[in-house]
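Right, one structure below, let's go through it.
Proteins come first, then strands; the chains are lettered A, B, ... in the order of their sequence lines, and each starts at number 1. Bear in mind the structure is a predicted one, so any value in this text is a computation, not a measurement.
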Amino acid sequence: MRRSGFNGILHTNFITNERGTSMEKLIEKSEYLHYINDNDTLLVGGFGLSGTPLTLIDELADSSKKGLTIVSNNLGEAGKGLGKLLLSKNIKKAKGSYFTSNRDAVKAWSDGELEIELIPQGTLAEAVRCGGAGIGGFYTKTAVGTKLAEGKDVKVIDGETYILEKAIKGDVSLIKAMKADTLGNLIYDHTGRNFNAVMATAGKIVIAEVDEIVEAGSFSPQEVETPHVYVDYIVMNKYVKKGGKYVEHS
Amino acid sequence: MRRSGFNGILHTNFITNERGTSMEKLIEKSEYLHYINDNDTLLVGGFGLSGTPLTLIDELADSSKKGLTIVSNNLGEAGKGLGKLLLSKNIKKAKGSYFTSNRDAVKAWSDGELEIELIPQGTLAEAVRCGGAGIGGFYTKTAVGTKLAEGKDVKVIDGETYILEKAIKGDVSLIKAMKADTLGNLIYDHTGRNFNAVMATAGKIVIAEVDEIVEAGSFSPQEVETPHVYVDYIVMNKYVKKGGKYVEHS
Amino acid sequence: MSIADRIKISKRIAEELNEGQVVNLGVGIPTLIPDYLGNKQLYMQSENGLLGMGPTPVDEEINMDLISASKQPITMEAGASLFDSSNSFAMIRGGHIDVAVLGVLQVDQTGEIANWAVPGETILGVGGAMDLVAGAKKIIIATMQTAKDGKAKLVKKLTLPSSGVRKADMVVTEHAVFTFDEGHMRLVEIISDVSIEQLIELTDAEFTYSEETITSN
Amino acid sequence: MSIADRIKISKRIAEELNEGQVVNLGVGIPTLIPDYLGNKQLYMQSENGLLGMGPTPVDEEINMDLISASKQPITMEAGASLFDSSNSFAMIRGGHIDVAVLGVLQVDQTGEIANWAVPGETILGVGGAMDLVAGAKKIIIATMQTAKDGKAKLVKKLTLPSSGVRKADMVVTEHAVFTFDEGHMRLVEIISDVSIEQLIELTDAEFTYSEETITSN
């Protein structure tokens, strides 16, 4: 069910993609920016550059959106993926598990231009899952007794010590799947599933970038990895995979 | 990796099933009882009689095990599935969401012969998932303000009221899958997946009853629903499905 | 309760459901709703692990491992998806079900629901009732105006155990349609030949209404 | 750190791994271990969502969406399974990984690990380190005896931030193998031509040993 969030008029009904598949949720790549406001929290799928919505990120980098909080495992690499948003100055804050590998992120943080909240990778995944599952928080073993547990509630349950981690939700989720069917069911490419499956559940509006759209019924019910209920809009990937990497459409 | 829990000698290595598939985790149906002690907590998959390990239950009903706590959505139906364990007096306590449909359970409870702990269905599923995931407990919206919340910690997180539910773990999990591969990866039959997938994660020892064993590599990595790491032993289902229902092997 | 009344309630609720919505239907009256949806494409969620539940299968296609939450054999529509119980309730509790249609024992005039436990009788089942009450985006109650003993089911204050603090959005009975607005119950439509005075008689809950509402029928 | 030392450490840890175990290998030295397993069948878990990681693919089969946690292209073995990040860490945190082999910045004489943050430098990455420390059934540390600046990495007390209260089970360096027993560090094997006196010199942590251990090499 399409969610509200933008009251303008969009010609989104039954857009037909290049393969002739008609689909209600399909929108042009530039359109999705209507759903993003300054200072929003965006949940972005991907692990490094794998399973990353490159097209959506490009649009965002070209936009004037500002003050965004990005929740994602990484900020891509320097100048690539979410790394582009650092250069384009759209981001105020990043929440994730590993930013060291992007020198631009390290520099922006050092220069006081980027706030960073470091979250263990498993805690991040679970917190986002909880955000999508109506769970307010959870007690985890991870990070007990470390700097990352400072200020967090501690509780002993059945003799084991846990810290409380709050659920994470977003205004908009930007995810990347390999294929969508015409209802919006998604399947991912191998380990490209990573954070995308949980990010899909925890945004008020969920935009999925996909390589291909197929007819509903093409996926077996067992193989659907993200049911269509979680997906509001679909944007076609402008890149194509060649030699295992996404390159510009030629 | 096979877990400890039984120190006797079992001839379990590379038993060959009737189809000639050899598999280290395969044991005879009677053998699994060695892993169950009196007063154990058993996590049992299934929803009504769907996805229920009927063969494992039969063995248990024929055993002298007693004082068991059964964690399962239901206690089967009168005289069927887990319902058999009521007649055979193996059970001390049942934790689950819906027992009303088994008149034997209602009677045993009325007669003071069965303790019952009622848990909302979604809370049960999530609590068992947490038990398998190293999470001590979670704050849920479900049951806030009801009798089932009495005595439970209440917490307001971001303006919403939640109650704390503790994780559920078991000594042994008894689950039912459609197929195993020779490593112990499992796939389920449609909605027969239900609680089986989470029960598989939260028992110290996990016994899976299956209809069929296939060679490792027969399942695509995407279609594995329970990775083999969760499965310790496999028992062949003695029933066969005919007309959509399990009947005695003829 | 007559089958005609059950059908009337189902039809009226079917009108409330919109193209493309994801809906969870409780046991009893709600299970009749799919028959009255006309051309509207809805997606039925079953809490034992399926989105895209289709109609009852022919006998040869019955599989006890493809069932609804009411444990009845079902089919799957094109675009259906299967998942485990924890993910099914993540979907429910997380607010991803557009509408849950539920039966009740009582609903009070603020919209608070009692649909799981009768005191004095054995309270041994709750199922997914509380999860659906807590999580669905919209809750529509399908109920007869009175219980078998003639007592009003729409009450001032629940005398039966609550199913949660989350309130219903709408109640449809064989006589009328009510909505809730900031804790107040409002009659929006009469759908039988009952008079407003008779309806008030059959209803313990206090509700407001406008003359237009009554005369519209 | 010489490649010979790295290989020696990898080989020695490979000896500790048993047929059928599920293993998560951290970055650095641990990634060399698969080359030294001989005929042992192990199952490699990668925390970005795969159990059953195989060797590096040939160029034509590289897919950026089939990578390890170190973001290197990988393959899948027969019987592999794919899952999302939340389920991957449920597997890790829930105690379903038999052995995690981790690099460290420091480990103290009780087995407490520091492997994520250097004070004074930017602390901007933790990854899955703390989840693995908290959750794996057995933790084996692969590390050089000393840091580049010559300082001991096996210390009395951590001076770098801890990765969690859960202790390591074993440490393998280019010189020796240590285990931890109720908070005490114990030398179990010397695997270089270092003398016990030299080893003590290279180690800030206090450890016990028996004469047999030393003479066995």
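Interface remark: A:Lys176 contributes no atoms to any contact with chain D (heavy atom separation under 4.5 Å). For a residue to count as touching a neighbouring chain, one of its non-hydrogen atoms must lie under 4.5 Å from one of that chain's; by this rule D:Ile92 does not touch chain A. With a 4.5 Å cut-off on non-hydrogen atoms, D:Glu61 does not touch chain A at all. Proximity to chain D (any heavy atom under 4.5 Å) is restricted, for A:Ile116, to the side chain, taken from C-beta onward. Residue contact with chain D, scored on non-hydrogen atoms closer than 4.5 Å, involves the backbone of A:Ile119 exclusively.
Among D:Gly135, D:Ser162, D:Gly49, D:Ser46, the residue making the largest number of heavy-atom pairs under 4.5 Å with chain A is D:Ser162. The candidate with the highest count of non-hydrogen atom pairs below 4.5 Å against chain A, out of D:Ala90, D:Ala69, D:Ala80, is D:Ala69. With chain A as partner, the option from D:Ser88, D:Ala114, D:Gly127, D:Ala129 having the largest number of non-hydrogen pairs under 4.5 angstrom is D:Gly127. In terms of non-hydrogen atom pairs under 4.5 Å with chain D, the most contact-rich of A:Tyr188, A:Trp109, A:Phe99 is A:Trp109. With chain A as the partner, the residue from D:Ile62, D:Asn87, D:Asp131 showing the most heavy-atom pairs under 4.5 Å is D:Asp131.
Other residues, nucleotides and ligands place no more than 12 heavy atoms under 6.0 Å from the NZ atom of A:Lys169. In D:Lys167, the NZ atom is crowded: over 12 heavy atoms of neighbouring residues, nucleotides or ligands sit closer than 6.0 Å. For D:Lys157, the NZ atom sits in a loose shell: 12 or fewer heavy atoms of surrounding residues, nucleotides or ligands are nearer than 6.0 Å. Within a 6.0 Å sphere centred on CD of A:Glu223, other residues, nucleotides and ligands contribute more than 12 heavy atoms. Under a cut-off of 6.0 angstrom, the local environment of NZ in A:Lys238 is crowded, with over 12 non-hydrogen atoms contributed by other residues, nucleotides or ligands. The environment of CG in D:Asp149 is crowded: more than 12 heavy-atom neighbours from other residues, nucleotides or ligands sit within 6.0 Å. For D:Lys40, the NZ atom sits in a packed shell: over 12 heavy atoms of surrounding residues, nucleotides or ligands are nearer than 6.0 Å. Counted within 6.0 Å of NZ on A:Lys80, heavy atoms from surrounding residues, nucleotides or ligands total 12 or fewer; the atom is thus considered open.
Note that CG of D:Asn48 and OG1 of A:Thr191 are 5.0 Å apart. Values are rounded to the nearest 0.5 Å. In this structure, OG in D:Ser85 is found 7.0 Å from CG in A:Asn73, a value given to the nearest 0.5 Å.
With a 4.5 Å cut-off on side-chain heavy atoms, D:Met64 and A:Thr52 do not count as touching. Side-chain contact between D:Leu82 and A:Arg193: present, with at least one pair of heavy atoms (C-beta onward) separated by less than 4.5 Å. Residues D:Asp84 and A:Asn196 form no side-chain contact, since every pair of their non-hydrogen atoms from C-beta on lies 4.5 Å or further apart. A 4.5 Å side-chain heavy-atom check between D:Trp116 and A:Thr100 finds every atom pair outside the cut-off. Side-chain atoms of D:Phe89 and A:Thr123, non-hydrogen and from C-beta on, never get closer than 4.5 Å to each other.
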| field | Residue pair D:Met76, A:His190: steps toward the side chain to side chain contact (heavy atoms under 4.5 Å, CB included) verdict | value | CA-CA 10 Å; D:Met76 298 184 294; A:His190 297 86; 3.4 Å; yes

| From CA spacing to verdict: side-chain hydrogen bond (donor to acceptor under 3.5 Å, both in side chains), A:Ser50, D:Asp65 | CA-CA 5 Å; A:Ser50 173; D:Asp65 290 318; 2.9 Å; yes

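Of residues 126-155 of chain A, those residues with a non-hydrogen atom less than 4.5 Å from any non-hydrogen atom of chain D are, in numerical order, A:Glu126, A:Arg129, A:Thr140, A:Lys141, A:Thr142, A:Ala143, A:Val144, A:Gly145, A:Thr146, A:Lys147, A:Leu148. For residues 87-98 of chain A, heavy-atom neighbours of chain D at less than 4.5 Å comprise A:Ser97, A:Tyr98, sorted by residue number.
Under the 3.5 Å distance criterion, with hydrogens and angles disregarded, no donor-acceptor pair is assigned to the side chains of A:Lys245 and D:Asn63.
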